[in-house]
Amino acid sequence: MEKISIKINDQDIMAHKGATILETALANKIYIPHLCYHPDLKPAGSCRVCLVELDDGKLVTSCRTPVKEEMVIKTKSAELDKVRRPIIEMIIANHHMDCKNCAKKGRCELQRIMGYMKIDKKRIQQNLRFPKEELPLDDSNPFFIRDHNKCVLCGICVRTCQEIQKVSAIDFAGRGYSTKIATLGDKPIAQSRCESCGECVVRCPVGALVPKNLRRPSHEVKTICPYCGVGCSIVLGIRDNVVVNVRGDADSSVNSGRLCVKGRFGLSFVNSQDRLTSPLIRISSNKNSSLVTRHPSLFREVSWDEALDLVASKLKNYRGDEFALIASTKCTNEESYIAQKFARVVMGTNNIDSSVRLCDAPSITALLKTNGINALTNSISEIENAASILIVGANITQSHPVIGLRVKKAVENGAILIVVSPIEIDLCGFAKVWLRPYPGTDLALFMGMCKAILDGELHDNAFIQEKCENFEDFKNSLDDFPSGKVERITGVSRDKVASAAKIFATNKPSAILWSSGLTQYSHGTDNVLGLINLSMLTGNITKPSYGINPLMDHNNSQGVCDMGCLPDFYPGYQAVDQPEMRKRFKSIWGKDLNPNPGLTLTGILQDTLEGKIKAFYIMGSDPVSNIAGSHKVKEALKKAEFIIFQDIFLNDTAQFADVILPAASFAEKDGTFTNTETRVQIINKAMEPIGNSRPDWEIICNLAERMGSRGFDFNNPEDIMSEIASVTPIYRNISYNSLRKGSLKWSDLAETSLTGQNGKYKFTPLQYRPPAEVPDVDYPLILIAERDIYSDGILSQKVDGLKALRAKRLVYINPKDATDFEIKNGEVVRVISRWGEIEGQAVVTTASPPGLVTMYLLEKEINQLINPSPDPAAKTLETKICAVRIVPQKES
Amino acid sequence: MEEELLEEILASYRGDRGELVPILQEVQDNLGYLPEKSMVDIAKFIGVPESHVYSVASFYAQFRLLPLGRKRIAVCRGTACHIRGAPQILNRIEKTIGLKEGETSDDLEYTLETVACFGCCALAPCIRVNMDVVGEMTSEKVDELFPPVIEGVKNDQ
Ligand code: SF4
Ligand code: SF4
Ligand code: SF4
Ligand code: FES
Ligand code: FES
């Protein structure tokens with residue numbers, strides 16, 4: 001960058017060309033008072049506190065004035081003081097100067113300015129009129145307080161919400177003396193569009209926006225957020241073995257310091273009273289009791305030795321396919337690796353699966369089929385540079401919030417956004433094209449788009465010829481999708497399909513993002529294949545900012561699959577049924593391995609019902625709540641003879657356990673997570689395990705040794721990672737030494753990645769199948785179940801603030817349907833499906849199209865309503881939609 | 001009804017940001033104030049955040065964010081009225097109807113405001129109830145005009 005020389009207060013300084021005076025001064029440790037400036041925001045130049053004097057005597061706002069060659073700047077002068085002093089005095093006079101009790105004490109910009117200018121606040125407050133009457137605090141948000149009496153109207157929060165979060169929940173309101181920062185209608189912030197991200201709170205220069213329950217940490221440790229698949233880098237603040245504060249890590253290429261509400265405010269579950277603290281052994285045979293699981297009449301606390309000895313002796317009776325292990329999308333890679341190794345080596349079975357099956361498995365199945373590898377082809381930060389973005393079946397601002405920010409940023413950078421969603425989601429407001437196909441008809445839409453692209457000769461012929469195979473077959477399959485038919489199936493007009501196709505094909509690079517809204521169908525794998533076809537057809541796969549991006553649900557959904565917690569793959573997607581693979585793993589693990597691929601989650605439960613599987617190891621998951629058709633899951637678990645449940649909390653599944661093992665949370669152990677962009681990131685132990693809990697890897701290794709198995713004597717996760725790297729080609733270049741220098745994205749490193757099978761990408765001819773769940777006379781509406789930003793399994797349920805913010809049970813229904821079914825806005829209704837029912841409050845809105853109702857539900861709630869059909873390829877269940885009818889509650 | 005009216009109004013605009021103030025004016029002219037729901041719809045229509053619409057609406061004195069009462073009481077605070085006891089009159093009215101200046105009662109019966117001289121100085125102190133000016137106000141006249149609410153009655157009707 002070009003440098004220029006300037007002088008500040010007689011000091012010679014080399015400044016970056018294009019920088020402002022304020023930035024240059026601060027970078028050189030010269031303080032200039034400022035209030036409305038923040039390095040992350042565009043300068044507003046509104047407070048005029050940052051004035052400096054140039055050598056011609058002119059006073060300029062340093063935050064808005066770029067440096068110029070030979071500039072001579074004074075930051076202190078009598079003239080400056082004369083102008084600045086009244087501004088600050090006015091602010092102080094209007095400010096609730098209760099510095100002693102203020103949460104911002106010592107880090108407040110106003111205090112700093114007063115110190116710098118040697119202002120005596122007492123004198124001012126005596127001389128000037130006393131401030132206006134005290135305004136009430138807004139403490140409606142469970143995580144932070146807004147105190148208008150301390151606000152200096154710098155506008156940083158307003159601009160943060162506009163520029164960074166792009167939500168604009170707040171703005172200046174009123175005028176003159178009574179100006180304040182307000183939401184629409186000046187309502188409490190919790191009733192506004194605010195997403196509780198706290199980005200404004202961390203930037204407020206004074207004590208007007210402060211977190212509740214603030215405690216200063218005694219030490220800080222860098223680690224990774226344990227919630228969603230984005231994998232934001234965080235800095236945990238700890239005091240007395242309690243998580244007291246969380247900061248976003250500004251150096252992370254994943255989140256650049258940003259966090260959503262869960263990452264910033266949702267980690268108090270670590271210190272929840274409900275944490276499991278001791279191993280428990282069942283003493284009563286009464287399973288599925290409605291009593292609290294930890295009730296002393298059902299379980300008793302035991303030592304680790306006693307618990308593990310019991311497990312070891314019991315498990316000896318269930319070798320081979322009588323055993324199944326359910327791994328966790330929340331545990332580390334090292335723990336997942338150990339878990340599958342335990343199942344394969346100690347127990348001799350490939351019956352290993354995880355809750356990835358319920359959501360992301362179709363993406364994995366499809367990617368392995370076409371690309372030969374399970375990995376997205378973009379990285380998160382590249383999304384910002386895409387020229388067009390296609391989003392399908394993903395309410396990203398809720399499910400993967402920080403990727404949502406990247407998408408909004410891309411739009412700001414000029415990307416054209418195409419949203420495919422039957423219901424209105426936040427990103428529709430940023431989209432150029434919003435397609436609203438009938439639910440479950442996406443594939444017909446993609447095929448229609450492909451056909452429009454081919455017909456318009458907008459495809460990338462060179463790429464197809466050189467890099468792809470099976471094109472002719474695919475092309476022929478498109479004959480089945482004439483525009484009229486597509487229009488009929490999807491309800492999207494042919495013009496709209498064609499124009500979306502054209503935008504997508506002609507604005508490159510273009511990125512496709514999707515998640516469970518596309519995969520949780522009985523034809524989820526086909527849906528994903530359809531998108532991959534579209535991406536290949538336009539030559540949009542594999543280059544930076546191009547490509548296909550499945551958004552994996554959880555922090556380690558990607559990792560748990562990479563590590564081989566899949567019934568048909570060893571670590572690194574090496575197929576169990578290939579004899580050479582088996583031989584290789586046998587030689588490394590030193591044990592004969594079961595040649596038969598195991599069962600998927602759904603298969604495991606079926607076999608348990610039939611009495612073939614008798615013992616279960618359930619790690620960090622909750623099949624009873626997570627798997628649709630809970631009654632069947634319960635039946636199966638009741639039937640099992642021996643169940644080990646290992647987690648940090650009890651959940652609905654725990655009531656079926658024979659032994660409960662308390663695991664340590666992410667904050668209490670070392671390890672790695674792999675996020676949705678295949679980035680392997682280190683998590684660092686920040687505090688001691690709560691109670692008697694232990695990291696999962698330690699528990700399983702200890703157990704394996706008690707069962708007489710070798711190959712489990714690891715000292716730490718770092719050792720485990722060395723073994724992982726030695727058996728997993730895609731992790732070959734991963735080591736703690738390299739990770740400590742920075743995270744690594746394995747799809748960038750692995751030579752096998754992204755060349756497809758035989759070095760080519762494979763087109764897949766596809767046929768359209770309607771969803772299995774269809775409406776009829778009795779159940780005329782389709783319910784779409786969405787998840788809101790505040791809900792993410794048991795962890796979020798242990799955080800009171802998240803619980804408070806969670807969407808109330810609202811049933812969004814179109815005005816037309818509301819009239820037809822005689823539903824009034826705000827009234828309590830029953831939503832009745834073929835399998836169950838749920839209550840909610842009706843919201844009449846066009847956000848739901850006619851024929852559809854939308855609800856934000858917990859997995860557990862939606863799973864009572866459905867009895868879904870699985871996708872034939874990936875065995876994922878169709879849980880996205882459900883036929884229902886709605887009746888006003890008063891009629892019952 | 002409100003919603004249809006709003007739709008009709010919006011139909012005559014293009015949906016540009018620049019149309020915000022004229023739209024707000026027209027909505028207020030038709031509805032008497034700016035209901036929150038209308039601000040949400042306007043925001044969507046012209047493609048700006050809701051909070052921005054509120055920001056503009058609350059900046060200009062001409063916009064009302066609350067509905068008006070059926071009886072709009074305006075107390076003159078012009079010089080002539082002031083000298084002849086307007087503050088006491090205002091005080092009395094505030095006490096009787098339980099509202100402060102600028103407020104509207106929850107049952108939408110009264111709105112209380114003050115205005116500068118409305119040109120009837122000869123009759124000072126004066127107030128206006130909707131379109132009717134009442135001059136030479138006294139405390140007794142206040143009680144006559146606004147019978148004190150008997151505890152409990154209001155809720156029962
Ligand atoms: S709340 Fe804080 S950031 Fe927002 S305007 Fe007031 S002082 Fe500035
Ligand atoms: S918490 Fe986030 S969404 Fe809410 S006002 Fe602040 S920046 Fe906006
Ligand atoms: S976006 Fe995901 S990873 Fe990032 S803070 Fe939120 S929950 Fe955590
Ligand atoms: S910091 Fe420069 S004008 Fe406010
Ligand atoms: S001063 Fe009251 S009417 Fe003129």
Side-chain angles (χ1 to χ4, degrees), chain A residues 133 138 146 148 153 155 157-189 191-195 200 408 411-412 417 424-432 434 815-816 818-819 825-826 843-847, chain B residues 1-8 10-11 15-18 20-21 23-25 27-28 31-68 94 100-104 106 108 113-114 116:
Chain A
E133 77 182 285
D138 177 1
R146 299 166 73 219
H148 295 292
L153 296 174
C157 57
V158 172
R159 284 179 288 136
T160 299
C161 201
Q162 253 166 31
E163 293 176 27
I164 292 181
Q165 199 64 14
K166 300 193 168 57
V167 167
S168 293
I170 44 179
D171 204 337
F172 288 93
R175 101 195 77 96
Y177 202 52
S178 61
T179 305
K180 64 179 202 171
I181 308 295
T183 62
L184 168 71
D186 197 17
K187 289 210 294 259
I189 189 99
Q191 290 171 35
S192 73
R193 301 189 75 95
C194 168
E195 296 173 347
C200 58
K408 293 181 189 176
V411 173
E412 184 180 270
L417 179 62
E424 181 170 357
I425 58 175
D426 294 340
L427 284 178
C428 291
F430 294 78
K432 171 115 179 207
W434 171 23
K816 201 172 142 287
T819 318
N825 194 21
V843 180
V844 178
T845 164
T846 51
Chain B
M1 186 215 102
E2 265 180 18
E3 247 159 71
E4 284 152 26
L5 207 70
L6 184 68
E7 246 173 65
E8 244 172 69
L10 294 183
D16 292 351
R17 298 178 73 114
L20 177 53
V21 173
I23 295 178
L24 290 175
Q25 273 161 347
V27 172
Q28 172 155 305
L31 300 179
Y33 76 112
L34 299 172
E36 202 172 293
K37 173 81 174 51
S38 76
M39 291 193 272
V40 173
D41 292 348
I42 294 168
K44 210 164 176 185
F45 178 69
I46 59 170
V48 302
E50 297 159 4
S51 59
H52 177 70
V53 174
Y54 182 73
S55 177
V56 171
S58 63
F59 182 81
Y60 293 105
Q62 56 171 306
F63 292 124
R64 311 194 138 270
L65 301 168
L66 293 169
L68 291 175
E94 284 183 341
K100 284 235 166 56
E101 170 189 351
E103 289 180 344
T104 298
D106 292 342
L108 295 188
E113 30 189 21
T114 62

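Owing to the predicted nature of the structure, the values given are computational and were not obtained by experimental measurement.
- Distance CG/Asp171(A) to CD/Glu50(B): 12.0 Å, rounded to 0.5 Å.
- More than 12 heavy atoms of other residues, nucleotides or ligands shown are found within 6.0 angstrom of NZ on Lys180(A).
- Summarising the geometry of Tyr54(B) relative to Asp186(A), their closest heavy-atom pair is OH-CB, 3.4 Å, with the distance given to 0.1 Å.
- Residue Ser58(B) holds its OG atom at 10.0 Å from CG of Leu184(A), rounded to the nearest 0.5 Å.
- With a threshold of 4.5 angstrom between heavy atoms, Ala57(B) does not approach chain A through any atom at all.
- The choice from Ala61(B), Pro49(B), Ala43(B), Ser51(B) that makes the most heavy-atom pairs within less than 4.5 Å of chain A is Ser51(B).
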